[in-house]
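The structure appears below as structure tokens.
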Amino acid sequence: MKTTIKDIAEALGISIATVSRAMTNSPEIKPDTRERVLAMAKKMHYKPNIYARNLLKNKNNLIGVVVPEFITFFFPEIIIGIQEVVNPLGYQVLICQSNESSELERKNVEMLENNMVEGMIISVTKESKNYDLYQRLLSEGMPIVFVNRVIEDLNASRITIDDHKWAFKAVEHLIKCGYRHIAHLAGNEHLSITKGRMQGYLDALKAYDIPIDPRLIMHVGVQQDKAKIGLNYLLNLKQKPDAIFAVNDPVAVGAFLELRERGIKVPEEMGIVGFSESPIGRIIGLSSVAQPTFDIGRAAAEVLVQKIKNPDSPIESRVLEAKLNIRKTSLIRK
């Protein structure tokens, strides 16, 4: 098992913060304390890149960004927001996409660590399996900000929206339009956004005294091609839904296209609301929750730069506002 700064701190009987400051050559640390820390690090074969970065290279003005995909507009717009903040400050951005693979995500993050980036902005994959990696990096002092998709149990800065609140509003809108058998095409079960949007869906039904039917809920993931699986299932139910709330726009668009292929009229026979406001969604008139993608990127960059400049700055959790845009896929039923 790889040695961490926590192990060094315990071996010396000092705090993790003292070890971290010693390794970053902080003027607050006495020379003899720093020598003890470096000697113990060598003895325990501790080779973190943060240590090497600060002692050997000082700063290199590199920031790493890891996102799940570039297929949709969503993450590229976040990246543009990041660059708007960091590029004028002299930082260069190394961008990786994990292709919704936890294994590739891990490789990307380790590559960025090996390239001695000064900090990372990350949105995790649908599998979300790299808790141990991020916990190690955070414990070693690596500045990390999570955006959109986060790991809930990590004590790290994050930039999100209130998924519960806006899912509630989306489902409430469908209810007020006259839909009563509302299905939910949910995302991958481990994702934070899936949990928040699922709870918003359930709470909206409860608030309007609509019975919750577990048969109307199906986890299909976050990719457009999975919507067909969900539609096949829902349309084979004895009590078919009259509306769909999708975890995101790709799934909502996939559902729309599949319904059109089957000759089912939207919104007359089936209403649809998505989440994340995509260009293709706007083209087909999809009602959807619009997230402030550029602002998410800018906020993440601001928090990360602050953490890089001041490692002792507190953890930040910013929740940005969103907007429900109502279009022709969810009109009031006559």
field: Same apolar cluster: L133 and Y131, side chain cutoff 4.5 Å
entry: yes
statement: The ring pair (Phe, Tyr, Trp, His ring centres under 6.0 Å) partners of F146 (sequence neighbours excluded) come to Y134
Whether T329 side chain and S287 backbone form a donor-acceptor pair below 3.5 Å: yes
message: Test of understanding: clusters of I, L, V, M, F, W, Y form through side-chain heavy atoms closer than 4.5 Å, transitively. Do I284 and I71 belong to the same one?
response: no
D7 side, atom CG; L12 side, atom CG - distance, nearest 0.5 Å: 11.0 Å
- prompt: Step by step, would you call V37 with I14 a side chain to side chain contact (heavy atoms under 4.5 Å, CB included)?
  reply: CA-CA 10 Å; V37 168; I14 58 179; 3.8 Å; yes
message: Strictly distance-based, threshold 3.5 Å: is any side-chain N or O of S192 a donor or acceptor partner for the main-chain N or O of V150?
response: yes
- request: Ignoring hydrogens and angles, tell me if any N or O in the side chain of H173 forms a donor-acceptor pair with the backbone of S330 under 3.5 Å.
  value: yes
query: Just how far is it from atom CZ of R197 to atom CG of L191, taken to the nearest 0.5 Å?
result: 9.0 Å
- request: Taking the side chain as every heavy atom from C-beta outward, state whether V109 and N130 have any pair of such atoms under 4.5 Å apart.
  value: no
message: Working to the nearest 0.5 angstrom, can you tell me the gap between L259 CG and L235 CG?
response: 6.5 Å
- prompt: Can you tell if the side chain of L234 reaches within under 4.5 Å of the side chain of L185, non-hydrogen atoms only?
  reply: yes
- prompt: Considering residues, nucleotides and ligands other than K126, do more than 12 of their heavy atoms fall under 6.0 Å from its NZ?
  reply: yes
query: Any side-chain heavy-atom pair from L154 and Q135 closer than 4.5 angstrom?
result: yes
task: Might you work through the salt bridge (Lys or Arg N to Asp or Glu O under 4.0 Å) test for E113 and R136, ending with a clear yes or no?
output: CA-CA 12 Å; E113 182 186 14; R136 175 180 67 77; 2.9 Å; yes
message: Assigning hydrophobic clusters by single linkage (Ile, Leu, Val, Met, Phe, Trp, Tyr; side-chain heavy-atom cutoff under 4.5 Å), is M120 placed with M111?
response: yes
- request: Indicate the atoms forming the closest heavy-atom contact of V289 with A170, along with that distance.
  value: CG2-CB, 4.3 Å
- request: List the atom of D242, the atom of Y179, and the distance in Å for their closest heavy-atom pair.
  value: O-CD2, 3.1 Å
task: Verify, without hydrogens or angle tests, whether N115 (side chain) and V117 (backbone) share a donor-acceptor contact under 3.5 angstrom.
output: no
Check: E118 side chain, I63 main-chain N or O, donor-acceptor pair, under 3.5 Å: no
- request: Might you work through the side chain to side chain contact (heavy atoms under 4.5 Å, CB included) test for K176 and Y208, ending with a clear yes or no?
  value: CA-CA 9 Å; K176 289 183 175 181; Y208 286 86; 3.3 Å; yes
field: R262 atom CZ, over 12 foreign heavy atoms within 6.0 Å
entry: yes
query: Looking only at atom types and distance, does a side-chain atom of E269 sit under 3.5 Å from a main-chain N or O of K265, one as donor and one as acceptor?
result: yes
query: Between D295 and R318, does a salt bridge (Lys or Arg N to Asp or Glu O under 4.0 Å) hold up when you go through it step by step?
result: CA-CA 11 Å; D295 289 342; R318 295 190 190 179; over 6 Å; no
task: Report, as yes or no, whether the 6.0 Å neighbourhood of atom CD on E268 holds more than 12 heavy atoms from other residues, nucleotides or ligands.
output: yes
statement: Heavy atoms of G285 and R327 approach each other most closely as O-CB, 3.1 Å
query: Can you tell me how far CD1 of I182 sits from CG of L205, rounded to the nearest 0.5 angstrom?
result: 6.0 Å
Derivation and outcome, side chain to side chain contact (heavy atoms under 4.5 Å, CB included), residues L202 and Q199: CA-CA 5 Å; L202 296 172; Q199 197 58 52; 4.3 Å; yes
- request: Examine distances only and state if a side-chain atom of E316 and a backbone atom of V303 form a donor-acceptor pair shorter than 3.5 Å.
  value: no
message: Keeping N188 on the side-chain end and H190 on the backbone end, is there a donor-acceptor pair under 3.5 Å?
response: no
- request: Begin with the C-alpha distance, continue with both residues' side-chain angles, and end with the deciding distance and a verdict on side chain to side chain donor-acceptor pair (under 3.5 Å) for N87 and Q83.
  value: CA-CA 5 Å; N87 286 350; Q83 291 175 315; 5.0 Å; no
message: Would you compute the distance between atom CD of Q224 and atom CD1 of I280 and round it to the nearest 0.5 angstrom?
response: 8.0 Å
- request: Side-chain contact test, heavy atoms from C-beta onward, threshold under 4.5 Å: evaluate it for K129 versus E105 and give yes or no.
  value: no
statement: Here the pair of heavy atoms bringing S123 nearest to F75 is OG-CE2, 3.3 Å
query: Looking at side-chain heavy atoms only, is the closest gap between V222 and E69 below 4.5 Å?
result: no
Heavy-atom check, side chain of V266 versus side chain of F256, under 4.5 Å: yes
- prompt: Does F294 share a hydrophobic cluster with I95, counting links as ILVMFWY side-chain heavy atoms below 4.5 Å and allowing steps through other members?
  reply: no
message: Are there over 12 heavy-atom neighbours, none belonging to K240, within less than 6.0 Å of that residue's NZ?
response: yes
query: Are the side chain of Y233 and the backbone of R215 linked by a donor-acceptor contact shorter than 3.5 Å?
result: yes
- prompt: Looking at side-chain heavy atoms only, is the closest gap between K307 and S157 below 4.5 Å?
  reply: no
message: For a salt bridge (Lys or Arg N to Asp or Glu O under 4.0 Å) check, start with the C-alpha distance between E321 and K165, then their side-chain angles and the critical distance, and finish with the verdict.
response: CA-CA 10 Å; E321 277 299 329; K165 169 184 172 180; 3.1 Å; yes
field: Considering all heavy atoms, the nearest A301-V86 contact
entry: CB-CG1, 3.8 Å
query: Which value, rounded to the nearest 0.5 Å, describes the distance between L174 atom CG and I210 atom CD1?
result: 9.5 Å
task: Report the C-alpha distance between K30 and D32 in whole Å, list the side-chain angles of each, state the deciding distance to 0.1 Å, and finish with yes or no for salt bridge (Lys or Arg N to Asp or Glu O under 4.0 Å).
output: CA-CA 6 Å; K30 295 179 181 179; D32 61 328; over 6 Å; no
task: Identify the heavy atoms of N108 and Q97 that sit nearest to each other, and give their distance.
output: ND2-O, 3.2 Å
query: Under 6.0 Å from the CD atom of E103, do we count more than 12 heavy atoms belonging to anything else shown?
result: no
Criterion side chain to side chain contact (heavy atoms under 4.5 Å, CB included) on E277 and R282, from CA distance to verdict: CA-CA 7 Å; E277 184 71 2; R282 289 194 291 269; 3.2 Å; yes
- prompt: Has H219 got more than 12 heavy atoms of other residues, nucleotides or ligands less than 6.0 Å from its NE2?
  reply: yes
message: Using side-chain heavy atoms (C-beta onward) and a distance below 4.5 Å, is I79 in contact with F70?
response: yes
message: Would a single hydrophobic cluster contain both L104 and V65, if residues Ile, Leu, Val, Met, Phe, Trp and Tyr are joined by side-chain heavy-atom contacts under 4.5 Å?
response: no
